[in-house]
Structure formats: structure tokens, C-alpha cells
Amino acid sequence: MRNFITLHAVLLASVALPGVASAQDGEVAGNDVGVQDIVVTAQRREERLQDVPIAVTAMGSEAVRTLGIRDTSDLTVAVPGLDMGRQNIAIAPFIRGVGTKNTSPGEEAAVTVYVDGVYMPTLTGGIFNLSNIERVEVLKGPQGTLFGRNATAGVINIITKAPSDTPSADLSFGYGNYDTMEGSVYFTTGIAPGIKMDLSAYGRDQRDGWGKNLTTGNDVFKGYEYSLRSKWLFELGDDTSLTLAGDYSKNKPLTPPAYRPLPGKRLIGGVPYQGFFNVAETRDVFATSKQWGLNGQLRHDLGFAQFVSITSYRNTDVYFQFDQDGTPAPLFTPTTWEEAKTWTQEFQLLSPAGSSFDWIVGAYYFNDKSGYTPIRLQGIVFGPNTIDRYSTQKSKSYAGYAQATFHLTEATDLTAGARYTRDERSIQGQDFLNGNPGPVVEDDDAFEKLTYRLSLDHRFSDQFLAYGSISRGFKSGVYNTVAPTNPAVRPAVVDAYEIGFKTDVLDRRVRFNAAFFWNEFKDIQLQVPVPGGIALLNAAKARYKGIEVETTVVPTSNLTLRGGLTYLTGKYREFNNAPFFDEIPAGGNSASYSGDATGRDTIHTPDVTFSVSAQYDIPTSSGDFSLSASYYYNDGFYFDPQNRFSQPSYGLLNAGIEYTAPSGVWGVRLWGKNLTDDRYYTNVVAQSWGDTATPAGPRTYGATLLLHLK
């Protein structure tokens, strides 16, 4: 009953006081006041958001800033149905309840991340700042045709700024609580006729932690991030362009798994709850992730089609030491060295504008080598021994795809697409016990699948589009590099059904988009912590269904209201081998055993999530003021299929005040995040040591100086 009342209250609020950022940049034709259009590339070509028969949330750079979104992990607060979960120092995103929590080397997310059309393969590299972006697009549901790389749940598509001939620079310098310093620089200019470039740099350093390690006396939950990105655009004639880009980043995440018990729980040995941000571990958690990449994109107009080639290479290195048991005793203190080297090649042919039907054909190649070099297993559970486990997973993928949109009438389109994927994976592992080599283990397997999308949309008027779609997503089988002796798990498959509409009303002052969805998920890949490592298994079946609503209202040229809502249910239809634990009153849990989770809630599936925001601009002769506030609510969800422990409901209030001087050269912004200081978790893990949790951030606030130079 509580969820029913909440749903109806939020639906009424979404209509009366709308708007999650479905649109941000662009021109409004024939109307000075109205919801602005945003152009997206959800179907690998530029289209108006309201013309795309896919559930997409899109935000321009201004909306990202005013909503308090610093990096990809913050997208949860603005995107209905998205949960940017965490596992160790990697992201584990879920959309509409579909996702994966396995983040070992060689694993790939069910919600894939693309930057400027380039696939970001490693989950440890999935958290990065959004300081130089043009927009963010989040595509909901399987994208198994055009973004086919394991996109069973959806795609986060990030587009960075394009270089300009006109020299300009944007700079920001900020300071916040917990002794946090932050700064960014974006510079662009023309170099020579037909050549332009840009350079983006970002840095953030939080030097005081949110809590203490009561064993060592040191701060915990503090970190830094530094990044550099540059893009060069060469116009090689009227028909050809070449873009070369490179990036580098180093990151010490704020929320590594500094484990501590849940309130009211005890870890093995009777270690009690020490406070929300405090731990009592043998040693301090330390983690760093370094990644760099290069990519080139060639575009050439062949007349009958546009040819696109996208080539990329990425390298990621991770060092990670932590205390898995979370107690002052050194029971299990692993250290990992991870590396990943990936290169991809994609070719596309796209129909020219004005064709009788729109089409795209493409081919994709993926080559990845990832593993531990090594993972070191130490602790009392291993006695005087040290085990160095080296394991490497190699992956090659070949795919061909095609999609076409047929204009059946002036108002009706039929879109059909298919992709055939073959993944070839191999694993090699070897343990060294106190320096002495053990036997080499090897295995290989291959997985192939045909995925598809079929949709029909009809424009009842210039302001109202309705659509229905059927699609299939495929997440390849994969090995567990933590346990290389185990066979690969089977592929996971999602069949998704969706009906939705997109509408602009009241002279484009109100935008109201909605989607009803139903997902059938089978052979779910699930990670289970076990003593000495992690197991990877297949759950059987689950069903997800729900409704999403996104609205934007622009009643005046100075006021923008946004809102979004997802109502979601997810149940395991068949899961007879779910990992179950029994709590031991003295501390810790029993060893994991198989239980029947059939009929229980799926993980990371809150019944209700919603967000509302407002931005009010006040122009004056002394400068311009902008007031913004946003609120995100999550009804709570389970972290484990046994449904033993849940994330209680929580809400996040963000706000900001920005002043811009009359010259437009400088400004200042005062901001606050999680102003109500709500307490919630990035991850909760059940294991034999006990029920352990990693907290999300507390209230933060600060001031930022903004400079714009031309």
C-alpha cells in the first residue's frame, strides 16, 4: 500500500511540477519560451530526441552542472531507472534492475559506457569526471543491434565537446569541505586552416577522510582524480574528416571497499559496528587506477553513404590492497595487480540524409587481454603461506550488424535491426605457493548469438509520437579470473518489450515522455563472495516490469522544472542455487549454501525512484543569478538474492547558487550535495566474515570560481 500511495503521489507531482532533463541544448523554432530540443545519437546518427523510438534520458553540460553531477557515478540522481552500483573499486551499473556485479578483470558491464562512440571496456575505468562534455545520453533497455557489446541493460553514451576554430578557454577553481580542492581547464583553438584542437584537464583532491580506521588511526574514504584529454580535428576536404583523441587519468576512488559491519551486526570474532564511516581493519585500503587511451575516427562521404571508421586502444592498470574480513585480525588481506589492454575496430556505412529509408550496416572487432599479475592471497586463513595467483583472460569478438528504418507512411516508421556476435574467450592461470609454481590451468570456449530490435512508431501529430518495440540483448559467457579453474558461465539473455510515447504540449512549454516495459532475463550472471575469492554462477530466470515517466516544464524563459519517475518490480522466476547465508549471533555468517530464491526480489530493484529539479535564472544589470535545486528519492532495494538485507529508502538534496558578472568573463558558484546528510550504501556484501557495507558520501559543500575567456 505504501508503494502504491508513493507512486500515485509522485505521478501527480510529475505532471504538476515536471521535469527530469530530457532536453537541454538547441533552438526552439518559432517560440522564445519552451522546452529546447537536444540532438542525440542513440541510433548512431544525429536525430532529435523526440523523434527517437527509444527511451532515452539526455542532458546537456548545463543540466549536468546544475544537477550536481560531477562524474559518471552521480548519474543515478538524474536518470530514472539507473543505479550506478559499486563493487570493489569498479562500477556495477543497473538499468531497470538489469546489470551485473562481477567486476573482475575481463568482465564487462551489462550497461556499457561509450565516449565519443568508443567503447570503454573495463569496469574499473568506468568512473570518470564529466568536466568537458557536450551531453550525456542514457539509452534504456537492450541495445543489442547498434551498441551490441554486452549492452543487455542499456548504454551510457557520453559526447565530449568538439574543437572550435575560435580560441576560448573555460577555467574553474573550487574548494569544499573535507579539505577538497578541485579545478578544471578547457581550451580550444584553430591551429591552421582545416585543423583545430582542444585540451581538457581536471583535478580533484580530497585530503580529509569521511571516517577513521580505528585500528591504524588513519583517515578512510578520501581520494583524488587527475585527468587529461585532447581532441584534434582535421578537415581533409569537403567530404572527409579525421578526429584523433587521447586521454589519461589516475584515480584513487573515494569509496573503496573499506568494509565494516552493518548497524546491529557483528563480524567474525564479535567485531561490532563502529559508526557509519569508521572501520576497524588490519590495514588501510589503498587503491589506484590508471588508464590511457588513443582513438581515431575517419568520416568520408561516398555519395551513396557515409563511411565511418573508429579505431581505439585502451590500457588500464589497477593496484588494490584491502582487508576483506574487515576486522583488526589479519584473517584475509588480499592485494591485487590488474591490467587490461584492449583495442577495437568498427566500420560503418550510413545512408545519406533524405534517403527513401534510413539504414546502417557495420562490422565490429574487439580484442582484449585482462587479468591479475598477480592477485596475492595472504592472511591467517592461509597460515604462513602466500599464494600469488596469475590469471589472464583473452577475448576476441567478431560482429556484423544492420538496421533500417522504413517510412511506411509520412507518419509511420518501421525499424528492424539485427546483429550476429561471436565471442571467443580463453583463460590461463597458475598459482605460486611461497614462490613455488603450481600447474598451469587453461581452458577456452566460444559464445555466439543473434540479437535484434524491431519497433513501430507513429506520429499522431507534430507533438505526439507513440512507439512499440521488441528487442533482445546478449551478454557473453565469461570466465572468472579470480578462480581460473572454474568453467565459463553461460551467456545471459534479455528479451525486452516496450510501449512508449513522447509528447510536447502547450506550445512546447511541457514535455511528457513515458514508457511501459517488460523484461525477461535468463541465465543471469551473479557474483558470490567465498573464502579466498569470488565465485561466478548463473541464476536461472527473472522478470522485470514497470513504467517510467520523464517531464520538463518551461513556464517562463527564466524557469525550468524537471522530473522523472520509475516504478519497477523484479522477481526471480527460478533460482534454485542462490547463495544463502545464516547469521551467527556471536559474529559472522555461516558458509554459503544453495537456497531457493524463486519468487524473491531481484537485486538493485527499487520499487520507486524519482527526481525533481528546478532552475530559476534572474538577469539583473549587476549580473545574472541562477538558482537550482534537485531532489532524488530511492524507495530502497535488496543487495542480495536471499533478501536478507536491504538499502533503506533515502533521499538526496542538491542545490546551487551561481552568479555571472555582466562581462560574462567570471562568475562564482556556491553548491551543496546531499544537504540532508542522508546515509546510504554504495554496496553491501554478505560473506562468511559477516554482512559488510561500504558507505556512500555524506553532506558536501563548497564554492567554485568560474572563468570564461575569449
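Start at 1 with the first residue, then count along the sequence.
Between atom CZ of residue Arg453 and atom CD1 of residue Ile470 there is a gap of 10.5 Å, rounded to the nearest 0.5 Å. For the atom pair OG1 of Thr160 and NZ of Lys231, the computed distance is 2.5 Å after rounding to the nearest 0.5 Å. Taking CG from Asn150 and OG1 from Thr100, the interatomic distance works out to 9.5 Å, rounded to the nearest 0.5 Å. A distance of 9.0 Å separates CZ of Phe234 from OG1 of Thr243, quoted to the nearest 0.5 Å. Leu130 CG to Asp71 CG: the interatomic distance, rounded to the nearest 0.5 Å, is 6.5 Å. Of the inter-residue distances, the one linking Gln615 atom CD with Ser630 atom OG reads 11.0 Å to the nearest 0.5 angstrom.
Side-chain contact between Ser227 and Asn129: present, with at least one pair of heavy atoms (C-beta onward) separated by less than 4.5 Å. Between Ser469 and Pro53, the closest side-chain pair of non-hydrogen atoms is not below 4.5 Å. In this structure the side chain of Thr112 never reaches within 4.5 angstrom of the side chain of Gln143, judged on heavy atoms. Leu456 places a side-chain heavy atom less than 4.5 Å from the side chain of Thr412. The shortest side-chain heavy-atom distance between Leu298 and Thr240 falls under the 4.5 Å cut-off. Here the side chains of Asp116 and Ile159 are in contact, with some heavy-atom distance below 4.5 Å. Thr152 has its side chain out of reach of Val493: every pair of non-hydrogen atoms, C-beta onward, lies at least 4.5 Å apart. Counting heavy atoms from C-beta on, the side chains of Arg314 and Pro121 come closer than 4.5 Å.
Lys502 places a side-chain N or O within donor-acceptor distance of the main-chain N or O of Ile54, the cut-off being under 3.5 Å. A donor-acceptor contact shorter than 3.5 Å is absent between the side chain of Arg44 and the backbone of Ile360. Using modelled atom types, one side-chain atom of Thr76 and one backbone atom of Met84 make a donor-acceptor pair closer than 3.5 Å. Put simply, the side chain of Lys710 never gets that close to the backbone of Thr166: no donor and acceptor are under 3.5 Å apart. Here the side chain of Asp74 pairs a donor or acceptor atom with the backbone of Arg70 at under 3.5 angstrom. A donor-acceptor pair under 3.5 Å is absent between the side-chain atoms of Gln403 and the main chain of Gln43, judged by distance alone. Between the side chain of Arg543 and the main chain of Lys571, no donor-acceptor pair closer than 3.5 Å is present. No donor-acceptor distance shorter than 3.5 angstrom exists from the side chain of Glu498 to the backbone of Ala515, with no hydrogens or angles considered. Distance alone, capped at 3.5 Å, places no donor-acceptor pair between the Arg96 side chain and the Gly546 backbone. Proximity of a side-chain donor or acceptor of Arg419 to a complementary backbone N or O of Thr145 within less than 3.5 Å is detected.
Between the side chains of Asp495 and Tyr497, no donor-acceptor pair is found at a separation under 3.5 Å. Between the side chains of Asn513 and Gln50, at least one donor N or O lies within less than 3.5 Å of an accepting N or O. Between the side chains of Asn634 and Thr609, not a single donor N or O lies within less than 3.5 Å of an accepting N or O. Side-chain atoms of Gln345 and Ser309 include a donor-acceptor pair closer than 3.5 Å.
Phe464 pairs by the ring pair (Phe, Tyr, Trp, His ring centres under 6.0 Å) definition with Phe460, Phe501, not counting sequence neighbours.
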Q: Might you work through the side chain to side chain contact (heavy atoms under 4.5 Å, CB included) test for Thr602 and Phe521, ending with a clear yes or no?
A: CA-CA 11 Å; Thr602 54; Phe521 200 5; over 6 Å; no
Q: Could you walk me through whether Asp413 and Arg459 pass salt bridge (charged side-chain N to carboxylate O under 4.0 Å, His left out), step by step?
A: CA-CA 9 Å; Asp413 289 343; Arg459 184 164 288 285; over 6 Å; no
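When all heavy atoms of Asp198 and Ala162 are compared, the closest pair comes out as OD2-C, 4.2 Å. The heavy-atom pair separating Asp635 from Pro606 by the smallest distance is N-CB, 4.5 Å. Phe637 approaches Thr605 most closely through the heavy-atom pair CB-N, 3.6 Å. Closest approach of Ile38 to Gly60, counting heavy atoms only: CD1-N, 4.2 Å.
If you run side chain to side chain donor-acceptor pair (under 3.5 Å) between Ser626 and each of Asn558, Asp617, Thr66, only Asp617 comes through.
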Can you list, pair by pair, the side-chain donor-acceptor contacts under 3.5 Å of residues 347-355, counting residues two or more places apart and other chains?
residue : atom : partner : partner atom : Å
Gln348  : NE2  : Glu346  : OE2          : 3.4
Ser351  : OG   : Arg45   : NH2          : 3.3
Ser351  : OG   : Trp359  : N            : 3.0
Ser351  : OG   : Trp359  : O            : 3.4
Ser355  : OG   : Pro352  : O            : 2.7

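With a 6.0 Å radius and a threshold of 12 heavy atoms from other residues, nucleotides or ligands, Leu408 has its CG atom above the threshold.
In this structure, Arg149 forms a cation-pi arrangement with Phe366, its terminal cationic atom sitting closer than 6.0 Å to the ring centre and no more than 45° off the ring axis. A cation-pi arrangement is absent between Arg229 and Tyr202, since the terminal nitrogen or guanidinium carbon is not both under 6.0 Å from the aromatic centre and inside a 45° cone about the axis. Within the cation-pi definition used here (under 6.0 Å to the ring centroid, within 45° of the axis), Lys140 does not qualify as a partner of Phe517.
Evaluation of the salt bridge (Lys or Arg N to Asp or Glu O under 4.0 Å) test over residues 232-242, restricted to residues two or more places apart or in two chains, returns Lys196-Glu235.
Phe94 and His604 have parallel rings, their planes meeting at less than 30° on a 0 to 90° scale where 60° marks the start of perpendicular.
By the 4.0 Å N-to-carboxylate-O rule, Glu134 lies too far from Lys161 to be salt-bridged with it. At a threshold of 4.0 Å, the pair Lys522-Glu520 does not count as salt-bridged, since none of the basic side-chain nitrogens sits closer than that to a carboxylate oxygen.
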